[in-house]
Participant: 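The structure follows.
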Protein chains: 2
Amino acid sequence: MLDDIARLRRFNRAVTREVGALDTSFLGRGRPLGAARVLQLVRPEGTDVAVIRDTLDLDSGLMSRFLRSLEREGLIATATDPGDRRRRIARLTEAGRQEMAAYDHIGRDRAARLVARAGSRSTEVLAAMDLIATLLNRDHLTVRPADPDSPEVQSCWQAYFDELLVRVPAARSGTFTLPEPGAPAYRPPQGRCLVAWSDDLPVGCVALRPLDTATAEVKRLWVHDSARGQGLARRLMQTIEDEARDMGLHLLKLDTNSALSEALALYRATGWHETAPYTGAPADVWLEKRL
Amino acid sequence: MLDDIARLRRFNRAVTREVGALDTSFLGRGRPLGAARVLQLVRPEGTDVAVIRDTLDLDSGLMSRFLRSLEREGLIATATDPGDRRRRIARLTEAGRQEMAAYDHIGRDRAARLVARAGSRSTEVLAAMDLIATLLNRDHLTVRPADPDSPEVQSCWQAYFDELLVRVPAARSGTFTLPEPGAPAYRPPQGRCLVAWSDDLPVGCVALRPLDTATAEVKRLWVHDSARGQGLARRLMQTIEDEARDMGLHLLKLDTNSALSEALALYRATGWHETAPYTGAPADVWLEKRL
DNA sequence: TGATTTGCCTGACATTAGTCCGATAAATGG
DNA sequence: CCATTTATCGGACTAATGTCAGGCAAATCA
């Protein structure tokens with residue numbers, strides 16, 4: 001049997017070849033790779049030059065020259081950051097947007113071919129890619145507030161409900177309704193809604209909804225399959241509890257189901273205690289935590 | 001929900017960053033990437049220079065300069081191929097072997113760290129990597145004869161048996177014994193043993209064992225989980241049947257179990273027909289094919 | 001306020017990668 | 001045998017990348 005290391009290195013070889021091919025295919029638009037990579041990171045609304053430099057790990061001189069060259073091509077425009085006038089902000093021009101669309105097309109094309117090649121196993125392959133990408137991105141996981149009506153939150157909640165239906169049979173008789181668009185329940189100032197991002201994939205969420213002036217309820221803690229086993233749920237709970245403290249709340253409650261054993265173990269391990277039932281089925285466990 | 005293409009591109013970004021770090025780690029030993037890549041392909045016993053040039057797709061001038069530079073460093077020695085004195089053969093010197101060991105150490109180190117980082121999910125992550133690597137390597141899958149006593153064949157057969165035990169409960173009462181080392185059953189001239197390779201991972205096997213002068217039995221058709229759904233089993237069967245024809249055989253037999261439905265479907269779709277039972281449990285289907 | 005730090009820019013320079021061409025020697029094919 | 005092809009080599013050249021130092025203006029800190 002090949003050992004783990006050998007398997008990983010085989011993966012590395014295969015992926016290196018693929019990435020190399022992707023890089024050279026970007027060269028097809030008559031622009032050196034360095035400049036192309038910078039262009040990829042300039043957003044239409046504008047991106048901080050230092051951020052680009054940092055993510056690509058470029059020398060400031062080299063970075064500057066890439067910017068000048070893209071500027072000469074008319075693809076980007078730079079302006080000084082009004083907040084800190086040493087810094088510069090680069091944004092895409094209309095021509096730049098068109099050029100980016102062309103790059104995007106190349107990328108989507110290659111990606112679509114690969115998905116097609118996976119044939120009947122494409123679902124499995126994509127899940128495998130999610131798992132690996134989340135692992136590689138692990139140090140870059142960020143938790144940010146989100147709008148409850150945004151597509152990312154909706155997709156997280158949908159995933160949460162779908163899983164609940166699988167794991168808690170009793171939930172099938174209930175009905176889940178997403179809050180009405182614009183409803184204030186999960187929005188500041190009374191509520192909160194957090195999403196954890198791995199690059200551009202939402203991999204977790206948690207929400208807070210007011211019960212009364214000093215009490216709120218934690219709802220919809222969910223972690224994407226690819227991100228489990230990395231302590232993300234704990235981090236989300238920690239963040240939402242900190243938020244609650246900052247909001248001046250004194251007591252948090254939540255309801256859950258005993259079938260969700262990992263979640264329950266997490267709650268019990270982080271200071272949550274049994275409390276009186278305050279909701280009905282499918283919940284069968286009610287917890288509270290004093291802040 | 002993010003669409004498939006977006007998920008794949010997130011994967012691409014994540015591994016591109018990782019691969020970039022790998023590239024610079026090669027530079028960590030004070031040698032440009034090009035020369036390092038050439039060095040990786042020089043085997044201690046000697047490698048044909050044209051083969052290296054071909055796999056890396058290098059210009060002959062560039063290749064020549066890499067060789068000179070590695071020679072100046074004392075890592076390789078080149079000699080003319082006695083068979084064709086236009087060609088050259090490069091082989092590692094003792095210093096080269098040590099240098100390669102150092103590169104190997106860097107690679108193993110990085111790999112081990114990543115496996116460790118996956119923590120409780122490392123098994124899953126490695127399976128995901130196998131799946132993706134096999135998909136990316138798909139066009140490079142090769143089927144080659146193998147020695148039945150070799151570790152790769154042993155590992156394939158072990159995997160075959162393990163899976164049989166899971167899928168055919170009746171098999172548990174039987175005992176599986178690997179043929180004795182050196183036994184002639186699966187070796188030419190009477191028998192055959194084939195292994196399918198994806199890079200350095202054995203992803204499939206099939207064997208042929210003589211029954212009498214005109215008849216042989218196909219045994220141990222197995223495909224690695226990561227390589228299923230790509231027609232590899234069909235290709236292995238095709239190859240072994242061609243071999244049997246070349247050996248002058250007129251009839252092939254095999255026994256299997258009805259629980260192995262995909263295999264059975266493949267046999268039935270490729271000209272195999274029911275025949276009289278010639279073995280006992282756990283087999284419950286017996287097929288033959290006239291060549 | 002003045003010294004120091006930070007972020008960006010430019011010029012000078014080195015290294016690496018990649019291409020093209022001609023030379024050479026060996027093999028191949030009539 | 002001679003013409004052609006093949007494999008390698010080295011020189012000339014270009015493009016791209018990477019490195020370093022100095023300059024400048026804005027921000028920060030004591």
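Numbers restart at 1 for each chain; the letters A, B, ... are given by sequence-line order, proteins then strands.
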Participant: Separation of D54(B) atom CG from dA7(D) atom C1', in whole Å?
Facilitator: 13 Å
Participant: In whole Å, I'd like the distance from the CG atom of D59(A) to the P atom of dT10(C).
Facilitator: 13 Å
Participant: Can you tell which of dC9(D), dC9(C), dG18(D) lies closest to the side chain of S64(A)?
Facilitator: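 The answer is dC9(C), which lies nearest to the side chain.
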Participant: At under 4.0 Å between heavy atoms, what does D84(B) touch on the DNA or RNA strands: base, sugar-phosphate, or nothing?
Facilitator: sugar-phosphate
Participant: Can a side chain N or O of R68(B) be found less than 4.0 Å away from OP1 or OP2 on dG10(D)?
Facilitator: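 True: R68(B) side-chain N/O within range (under 4.0 Å) of dG10(D) OP1/OP2.
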Participant: Please determine, for the side chain of R65(B), which listed nucleotide (dT19(D), dT8(D), dA12(D)) has the closest atom?
Facilitator: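 From the listed options, dA12(D) comes nearest.
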Participant: If you measure only the distance, is there a donor-acceptor pair under 3.5 Å linking the side chains of S198(B) and R10(A)?
Facilitator: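 Yes, a side-chain donor-acceptor pair sits under 3.5 Å.
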Participant: Would you mind checking if D242(B) and R192(B) are paired as a salt bridge, meaning a charged N to carboxylate O distance below 4.0 Å?
Facilitator: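 So R192(B) does not pair with D242(B) through a salt bridge.
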Participant: R85(B) has an atom CZ; how far is it from atom P of dT24(C), in whole Å?
Facilitator: 18 Å
Participant: Just wondering, more than 12 heavy atoms not from R234(B) lying within 6.0 Å of its CZ?
Facilitator: no
Participant: Please confirm whether the shortest side-chain N or O distance from R53(B) to OP1 or OP2 of dA7(D) is below 4.0 Å.
Facilitator: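 R53(B) to dA7(D) OP1/OP2: no side-chain N or O under 4.0 Å.
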Participant: Can a side-chain donor-acceptor contact be found between S64(A) and R68(A) if the only test is distance below 3.5 angstrom?
Facilitator: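 Yes.
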Participant: CG of L27(A) versus C1' of dT17(D): gap in Å, rounded?
Facilitator: 13 Å
Participant: By nearest nucleotide on DNA chain D, pick out whichever of R31(A) and T78(B) is the more 5' one.
Facilitator: T78(B)
Participant: Rounding to an integer number of Å, can you tell me how far L70(B) CG sits from dC9(D) C1'?
Facilitator: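 Answer to the nearest Å: 16 Å.
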Participant: Given dA26(C), dC9(C), dG18(D), identify the nucleotide with an atom nearest to the side chain of L67(A).
Facilitator: dC9(C)
Participant: Could you give the CG-to-C1' distance, from L58(A) to dC8(C), as a whole number of Å?
Facilitator: 14 Å
Participant: Side chain of L62(A) only, heavy atoms from C-beta on: which candidate in dA27(D), dG10(D), dT17(D) is closest?
Facilitator: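 Between dA27(D), dG10(D), dT17(D), the one nearest the side chain of L62(A) would be dT17(D).
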Participant: For DNA chain C, whose closest nucleotide is more 5', that of F66(B) or that of G61(B)?
Facilitator: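 Residue closer to the 5' terminus by nearest nucleotide: F66(B).
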Participant: Which of the following nucleotides, dG18(C), dG10(D), dC8(C), is nearest to the side chain of S60(A)?
Facilitator: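 Comparing dG18(C), dG10(D), dC8(C) against the side chain of S60(A), the answer is dC8(C).
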Participant: So, does D84(A) use its side chain to make a donor-acceptor pair with the main chain of R86(A) at under 3.5 Å?
Facilitator: yes
Participant: From the set dT8(D), dC8(C), dT17(D), return the single nucleotide nearest to any side-chain atom of D48(A).
Facilitator: dC8(C)
Participant: Nearest whole angstrom, please: distance from the C1' of dG18(C) to the CG of L56(B).
Facilitator: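 In whole Å, dG18(C) C1' lies 14 Å from L56(B) CG.
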Participant: Where the side chain of R86(A) is defined as all heavy atoms beyond and including C-beta, which of dT8(D), dA17(C), dA27(D) is the nearest nucleotide?
Facilitator: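 Shortest atom-to-atom distance from the side chain points to dA27(D).
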Participant: On DNA chain D, does the nearest nucleotide to R88(B) precede the nearest nucleotide to G34(A) from the 5' side, or the other way round? Give the residue.
Facilitator: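 On the 5' side of the pair lies R88(B).
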Participant: For the pair made of CZ in R87(B) and C1' in dA25(C), what is the distance, rounded to whole Å?
Facilitator: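 The answer, rounded to whole Å, is 15 Å.
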Participant: Say whether R17(A) and N137(B), considering side chains only, have a donor N or O and an acceptor N or O under 3.5 Å apart.
Facilitator: yes
